[in-house]
Amino acid sequence: MAKLGLNVDHIATVRQARGGAEPDPVTAAAIGEMAGAEGITIHLREDRRHIQDRDLEILRRTVKSKLNLEMAATQEMVRIALAIKPEQVTLVPEKRQELTTEGGLDVIVNHKLIADSVKRLKDGGIVVSLFIDPNQEQIKAAKKSDTDYIEIHTGSYAEADTWEKQQHELEQIDTAIKLARKVGLGINAGHGLNYTNIKAITSLGGIEEYNIGHSIIARAMLVGLDRAVRDMVELLKYA
Ligand code: PXP
């Protein structure tokens, strides 16, 4: 059975729309854990557009499962991570204008910066994951950076608009899983996954943790967060 890392950034996005105190991602994380999420994921962006430093500090004290901090490989973020000590950091690329994370890290071009960040975080006792596309050269570069995990970017699979394109993307992910296992990397996956497209991915096997936000929070607005999380946890039982 694969684990669900519930991404609560979207709860913070709604809060920030009014600049007030609700809804609170801290409460959402607690409800998510009670419904079966085995990790809470948040992205502290440089522009602080949704998750705030306050959320990270409180979640560090309240999350009982595992706190996974997504962040850019900058000096500021590495310093914050080393002070707060989430169980896991997932390094992601970050562009100011993007609506959400677009594409995986280029671990080949940014090898030194990423490898230095991986080392500093691991020396601080934090498990490190790199968010990368399902690309063999990126996986080899990730291995060289000494990361513990990769998170396979499933965005191209999620956006495939024909059956043929979807099968092609699934094959890329399957090949990526096999190579990552062979070189001894742990494997997570995420981005754009929902209650429908999750099924084909879980049937590939080999993925330990799925980080999912948008589809769960969207369903939660209609049926409640407890049920939305339980529905996804149920689908991950077949992984
Ligand atoms: N994993 C990473 C690295 C991400 O950046 C995101 C988006 O914040 C997710 C998973 C979750 O994606 P979604 O909200 O589309 O489920």
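Start at 1 with the first residue, then count along the sequence. Whatever order the structure lists ligands and atoms in, that order sets their numbers, starting from 1.
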Original post:
Has ligand 1 got any nitrogen or oxygen that is less than 3.5 angstrom from a nitrogen or oxygen of H43?
Top reply: no
Original post:
Would you say the ring centroid of H10 lies under 6.0 angstrom from that of H214?
Top reply: yes
Original post:
Below 4.0 angstrom, N of the basic side chain to O of the carboxylate: do R120 and D116 qualify?
Top reply: no
Subject >> ligand 1 contact by H153, heavy-atom criterion under 4.0 angstrom >> reply: no
Subject >> Test item, G192 contacting ligand 1 (heavy atom, 4.0 angstrom) >> reply: yes
Subject >> Side-chain heavy atoms of E33 within contact of V63, under 4.5 Å >> reply: yes
Subject >> CG-CD1 distance between D53 and I84, expressed to the nearest 0.5 angstrom >> reply: 8.0 Å
Subject >> Any E70 heavy atom less than 4.0 Å from ligand 1 >> reply: yes
Donor-acceptor contacts, no H, no angles, side chain residues 21-28, under 3.5 Å, sequence neighbours left out:
residue: D24; atom: OD1; partner: V26; partner atom: N; Å: 2.9
residue: D24; atom: OD1; partner: R54; partner atom: NH1; Å: 3.2
residue: D24; atom: OD2; partner: R54; partner atom: NH2; Å: 3.0

Original post:
Of L105, V107, I152, which is the lone residue that meets side-chain contact (heavy atoms from CB on, under 4.5 Å) with Q138?
Top reply: V107
Original post:
Are N7 and E70 close enough that some pair of their side-chain heavy atoms sits under 4.5 Å apart?
Top reply: yes
Original post:
Which residues pass the salt bridge (charged side-chain N to carboxylate O under 4.0 Å, His left out) test with R181, sequence neighbours left out?
Top reply: none
Original post:
What atoms in ligand 1 come closer than 4.0 Å to a heavy atom of N211?
Top reply: 10 (C), 11 (C)
Subject >> ligand 1 atoms in contact with E151 (distance to a heavy atom under 4.0 Å) >> reply: 1 (N), 2 (C), 3 (C), 10 (C)
**OP:** Would you mind running through ligand 1 and noting each atom that sits below 4.0 Å from a heavy atom of I212?
**Re:** 16 (O)
Original post:
Which atoms of ligand 1 have any heavy atom of H10 under 4.0 Å away?
Top reply: 14 (O)
**OP:** Could you list which atoms of ligand 1 come closer than 4.0 Å to a heavy atom of V92?
**Re:** 3 (C)
Subject >> G213 N/O under 3.5 Å from ligand 1 N/O >> reply: yes
Original post:
In terms of atom number and element, which parts of ligand 1 are under 4.0 angstrom from non-hydrogen atoms of H214?
Top reply: 13 (P), 14 (O), 16 (O)
